[in-house]
**Q** 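Structure in structure tokens, see below.
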Amino acid sequence: MSHPSSDGATGDGGADAATGNTAYGSKPFKRSRSHFADRITADGRDGWPVEAGRYRLVASRACPWASRAIISRRLLGLEDALSLAVTDPIQDDRSWRFTLDPGGRDPVLGIRFLSEAYDAREKDYPGGVSVPAVVDIPSGQLVTNDFQQLTLDLATQWTALHRPGAPDLYPEPLREEIDIVMAGVYRDVNNGVYRAGFATGQGEYEAAFHDLFRRLDLLSERLAERRYLVGDTVTEADIRLFTTLVRFDAVYHGHFKCNAFKLAEDPVLWAYAKDLFQTPGFGDTVDFHHIKQHYYRVHSHLNPTGIVPLGPDLGGWLLPHHREELGGRPFGDGTPPGPVPQAEEIPPSGRAEPLPTGS
């Protein structure tokens with residue numbers, strides 16, 4: 001997630017000093033390719049070998065792209081091998097900052113802003129500062145901000161450090177089908193909500209709106225008689241769809257004008273999303289407080305008052321979904337991840353709780 005910047009990159013998280021938070025919605029939406037696309041691999045082909053304790057994942061719990069990496073890391077049991085830095089959901093025009101940590105500094109990297117790791121890698125880099133980002137701890141340099149490849153590599157290159165019983169999130173026999181499904185989800189859903197929310201003209205907005213809901217209808221049909229998107233276990237495809245669905249009613253429906261229907265009004269997609277939310281590794285990584293604070297307070301051009309809505313009622317995420325009746329095994333021959341590390345638990349303010357009576 002990065003701000004509109006001088007290289008044309010647009011996202012919804014970082015910031016560029018020349019444009020800042022007010023740029024959202026003031027120029028046509030375009031998501032740029034990741035500038036730093038080095039890979040951390042088992043053979044170290046790019047100079048970055050997989051190594052326990054060497055790297056730090058910098059993520060925002062507000063950001064759907066970063067949330068993919070947080071979920072994958074937890075499902076695969078990489079918490080001890082790849083440490084996690086969580087940024088403040090509210091950032092100024094210097095982008096993601098570590099103001100949640102004592103002294104306003106990340107305790108491992110010793111920096112106040114993620115941009116410092118970008119500068120350590122490439123001085124005066126002109127693009128936006130985005131998450132997820134992986135930083136090399138010894139040098140303090142950014143290694144990659146390639147959100148598309150990062151989770152695939154966690155699943156396929158970090159296998160020596162996976163927990164016992166870790167699921168195969170990108171099974172080789174299903175990769176072609178997973179890639180096809182993910183391409184449509186990315187174009188029309190993951191990216192589609194931003195194309196609608198940051199549209200600068202009616203036609204641009206309507207095109208994105210129709211693409212989004214056409215794809216959601218197709219996904220609802222696909223999931224009507226199958227528990228997961230591809231195969232009978234959770235895969236990368238489910239992770240990528242979930243991170244948009246879990247934000248849909250809280251921010252995209254109203255804030256981004258994606259309001260043909262609420263997620264809770266589509267019985268299939270709502271049950272599917274609840275099923276994943278209640279699966280260890282998914283809902284226990286979601287912080288609704290961070291999500292709402294970021295979207296409604298950072299996108300000041302879209303929401304100039306900065307008022308954060310109290311709704312929707314989040315208690316429904318914990319209700320029965322009955323998707324187990326379709327069969328399927330979330331982790332295949334593997335096992336669920338263990339308890340969330342204490343330091344990474346979602347505080348009560350961010351959990352899925354019903355609205356107080358009378359709200």
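Only a predicted model underlies this, so the values are computations on that prediction, with no experimental measurement involved. Residue numbers start at 1 and run along the sequence shown.
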**Q** Counting only heavy atoms not in E172 (residues, nucleotides, ligands), do more than 12 fall under 6.0 Å from its CD?
**A**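 No.
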**Q** Indicate if L219 and L326 have the same hydrophobic cluster label, given that clusters are the connected sets of ILVMFWY residues with side-chain heavy-atom separations under 4.5 angstrom.
**A**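 Different clusters.
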**Q** Shared ILVMFWY cluster between Y295 and I346, side chains joined below 4.5 angstrom?
**A**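 No, Y295 does not connect to I346 through the hydrophobic network.
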**Q** Charged N to carboxylate O under 4.0 angstrom, R329 versus D333?
**A**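 Looking at D333 together with R329, the answer is yes, because their closest N to O distance falls below 4.0 Å.
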**Q** Check whether any side-chain N or O of E353 sits under 3.5 Å from a backbone N or O of G315 as a donor-acceptor pair, and report yes or no.
**A**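 Side chain of E353 to backbone of G315, a donor-acceptor pair under 3.5 Å: no, none is there.
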**Q** Would you compute the distance between atom CG of L75 and atom CD1 of I239 and round it to the nearest 0.5 angstrom?
**A**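 One finds 5.5 Å between CG of L75 and CD1 of I239.
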**Q** Is the shortest heavy-atom distance from the side chain of D275 to the side chain of R227 under 4.5 Å?
**A**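 Answer yes - side chains close enough.
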**Q** Nearest heavy-atom pair of A66 and S60: which atoms, and what distance?
**A**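 What the structure gives for the nearest pair is CB-O, 3.6 Å.
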**Q** Which word best sums up how the rings of H299 and H255 line up, parallel for under 30°, tilted for 30 to 60°, or perpendicular for over 60°?
**A**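 H299 and H255: parallel rings.
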**Q** Any side-chain heavy atom of R222 within less than 4.5 Å of one from L229?
**A**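 Side-chain contact under 4.5 Å: yes.
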**Q** Establish, yes or no, whether a centroid distance under 6.0 Å links the rings of Y272 and Y228.
**A**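 No; Y228 has its ring centre 6.0 Å or more from that of Y272.
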**Q** Start with the C-alpha gap between V134 and L150, add the side-chain angles, then the distance that decides, and say whether side-chain contact (heavy atoms from CB on, under 4.5 Å) holds.
**A** CA-CA 9 Å; V134 178; L150 173 57; 3.8 Å; yes
**Q** Flag the pair N145 / V131 as yes when at least one side-chain heavy-atom distance between them is below 4.5 Å, and no otherwise.
**A**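 The answer is no; the side chains never approach within 4.5 Å.
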**Q** Could you pull out the closest heavy-atom pair between P312 and A250, with the gap in Å?
**A**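 Taking every non-hydrogen atom into account, CD-CA, 3.7 Å.
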**Q** Has E345 got a side-chain atom pairing as donor or acceptor with P341's backbone, closer than 3.5 angstrom?
**A**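 Checking the backbone N and O of P341 against the side chain of E345, no donor-acceptor pair under 3.5 Å is found.
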**Q** What I want to find out is whether D153 reaches R39 closely enough, with some N-O distance under 4.0 Å, to be called a salt bridge.
**A**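 A salt bridge links D153 with R39.
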**Q** Is it true that, when you exclude D80 itself, more than 12 heavy atoms of the residues, nucleotides or ligands shown sit nearer than 6.0 Å to its CG?
**A**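 No, the 6.0 Å shell around CG holds no more than 12 heavy atoms from other groups.
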**Q** Side chains of R240 and Q148: is there a donor and an acceptor less than 3.5 Å apart?
**A**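 Note: R240 and Q148 side chains meet the donor-acceptor criterion.
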**Q** Would you call D211 and R214 a salt bridge, taking side-chain N to carboxylate O under 4.0 Å as the test?
**A**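 Yes.
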**Q** Would you call R73-E344 a salt bridge at under 4.0 Å N-O?
**A**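 Salt bridge flag = yes for E344 with R73.
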**Q** List the steps, then state whether side-chain contact (heavy atoms from CB on, under 4.5 Å) holds for I137 with V108.
**A** CA-CA 8 Å; I137 296 173; V108 174; 3.8 Å; yes
**Q** Would you tell me whether T41 and D43 have side-chain atoms, one donor and one acceptor, within less than 3.5 Å of each other?
**A**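 Short answer, yes.
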**Q** Can you confirm whether F256 sits close enough to F248 that some side-chain heavy atom of one is under 4.5 Å from a side-chain heavy atom of the other?
**A**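 Heavy-atom side-chain distance check fails, nothing below 4.5 Å.
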**Q** On a heavy-atom basis, which atom in V181 and which in A237 lie closest, and how many Å separate them?
**A**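 Minimum heavy-atom separation between V181 and A237: CG1-CB, 4.4 Å.
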**Q** Checking D136 against S139: is there a side-chain donor and acceptor pair closer than 3.5 Å?
**A**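 Short answer, yes.
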**Q** Does R121 have any side-chain hydrogen bond (donor to acceptor under 3.5 Å, both in side chains) partners at least two apart in sequence or in another chain, and if so, which?
**A**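 Partners of R121 under the side-chain hydrogen bond (donor to acceptor under 3.5 Å, both in side chains) test: D38.
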**Q** Are L314 and V308 joined in one hydrophobic group, where the rule is that I, L, V, M, F, W and Y side chains link up if heavy atoms are under 4.5 Å apart?
**A**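 Cluster IDs for L314 and V308 match.
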**Q** Restricting to non-hydrogen atoms, name the atom on I71 and the atom on T243 that form the minimum distance, rounded to 0.1 Å.
**A**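 Heavy atoms only, the tightest pair is CD1-CG2, 4.0 Å.
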**Q** CG/L216 to CD/E221 distance, rounded to the nearest 0.5 angstrom?
**A**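 Rounded to the nearest 0.5 Å, the CG-CD separation comes out at 11.5 Å.
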**Q** So does K262 get a backbone contact from the side chain of E265, meaning a donor-acceptor N/O pair under 3.5 Å?
**A**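 A pair under 3.5 Å: yes.
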**Q** I would like to know whether L212 and C258 meet side-chain contact (heavy atoms from CB on, under 4.5 Å); could you show each step before the answer?
**A** CA-CA 8 Å; L212 167 64; C258 299; 3.6 Å; yes
**Q** Hey, are R247 and S67 close enough side-chain-wise for a donor-acceptor pair under 3.5 Å?
**A**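 Note: S67 and R247 side chains meet the donor-acceptor criterion.
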**Q** If you measure from CD1 on I178 to OH on Y170, what distance do you get to the nearest 0.5 Å?
**A**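 Result: 6.5 Å between the selected atoms.
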**Q** Side chains of D284 and R74, heavy atoms from C-beta outward: is any pair under 4.5 Å?
**A**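 Yes, close enough: below the 4.5 Å cut-off.
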**Q** Do V268 and L245 sit in the same hydrophobic cluster, where Ile, Leu, Val, Met, Phe, Trp and Tyr count as joined when their side-chain heavy atoms come under 4.5 Å apart?
**A**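 Result: yes, single cluster for both.
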**Q** Are F277 and V286 packed together at the side-chain level, in the sense that at least one heavy-atom pair is separated by less than 4.5 angstrom?
**A**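 In contact.
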**Q** Is any side-chain heavy atom of R56 closer than 4.5 Å to a side-chain heavy atom of D106?
**A**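 Yes. Closest side-chain heavy atoms under 4.5 Å.
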**Q** With distance as the sole test, does K274 use its side chain to make a donor-acceptor pair with the main-chain N or O of L318 at under 3.5 Å?
**A**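 No: the side chain of K274 does not pair with the backbone of L318.
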**Q** At what distance, to the nearest 0.5 angstrom, does NE2 of H321 lie from OG1 of T279?
**A**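 H321 atom NE2 to T279 atom OG1 measures 6.5 Å (nearest 0.5 Å).
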**Q** Less than 6.0 Å separating the ring centroids of Y118 and Y125?
**A**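 Aromatic pair counts; centres sit under 6.0 Å.
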**Q** Between T233 and L169, is the side-chain contact (heavy atoms from CB on, under 4.5 Å) condition met? List the steps.
**A** CA-CA 8 Å; T233 64; L169 298 176; over 6 Å; no
**Q** For the residue pair W96 and H294, categorise the inter-ring angle as parallel (less than 30°), tilted (30 to 60°) or perpendicular (more than 60°).
**A**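 Aromatic pair W96/H294 classed parallel.
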**Q** Taking all non-hydrogen atoms of both residues, which atom of P89 and which atom of Q293 are closest, and how far apart?
**A**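 Shortest heavy-atom contact: CG-CB, 4.5 Å.
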**Q** Does Y296 reach the side chain of I307, with side-chain heavy atoms less than 4.5 Å apart?
**A**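 The answer is no; the side chains never approach within 4.5 Å.
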**Q** Could you tell me if T151 and E236 have a donor-acceptor pair between their side chains, going purely by distance under 3.5 Å?
**A**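 T151 and E236 do have a side-chain donor-acceptor pair below 3.5 Å.
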**Q** Give a yes or no on whether the backbone of G311 and the side-chain of K292 come within a donor-acceptor separation of less than 3.5 Å.
**A**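 Yes; at least one donor-acceptor contact below 3.5 Å.
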**Q** Shortest non-hydrogen contact from A117 to V135?
**A**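 Here A117 and V135 meet closest at CB-CG2, 3.9 Å.
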**Q** Taking the side chain from D92 and the backbone from R94, do they hold a donor-acceptor pair closer than 3.5 Å?
**A**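 Here the side-chain-to-backbone pair exists.
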**Q** How many angstroms lie between atom OH of Y252 and atom CG of L263, to the nearest 0.5 angstrom?
**A**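 Answer rounded to 0.5 Å: 12.0 Å.
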**Q** Any chain of hydrophobic side-chain contacts (each under 4.5 Å) joining L302 to Y194?
**A**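 Yes, L302 connects to Y194 through the hydrophobic network.
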**Q** Only counting residues at least two apart or in another chain, list the ones meeting side-chain hydrogen bond (donor to acceptor under 3.5 Å, both in side chains) with E51.
**A**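 With neighbours one apart ignored, the set is empty.
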**Q** Tell me whether E206 contacts the main-chain N or O of G201 through its side chain, where contact means a donor paired with an acceptor under 3.5 Å.
**A**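 Between the backbone of G201 and the side chain of E206 there is no qualifying donor-acceptor contact (under 3.5 Å).
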**Q** For ring pair (Phe, Tyr, Trp, His ring centres under 6.0 Å), just list the numbers for F98 and F113, CA-CA rounded to whole Å, side-chain angles, deciding distance to a tenth of an Å, and then say yes or no.
**A** CA-CA 6 Å; F98 297 105; F113 296 93; 8.2 Å; no
**Q** Distance from H35 atom NE2 to L142 atom CG, nearest 0.5 Å?
**A**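 So the gap between those two atoms works out to 9.5 Å.
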**Q** Is it true that D287 and R61 make a salt bridge, defined as a side-chain N closer than 4.0 Å to a carboxylate O?
**A**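 Judged by the 4.0 Å cut-off on N to carboxylate O distance, D287 and R61 do not form a salt bridge.
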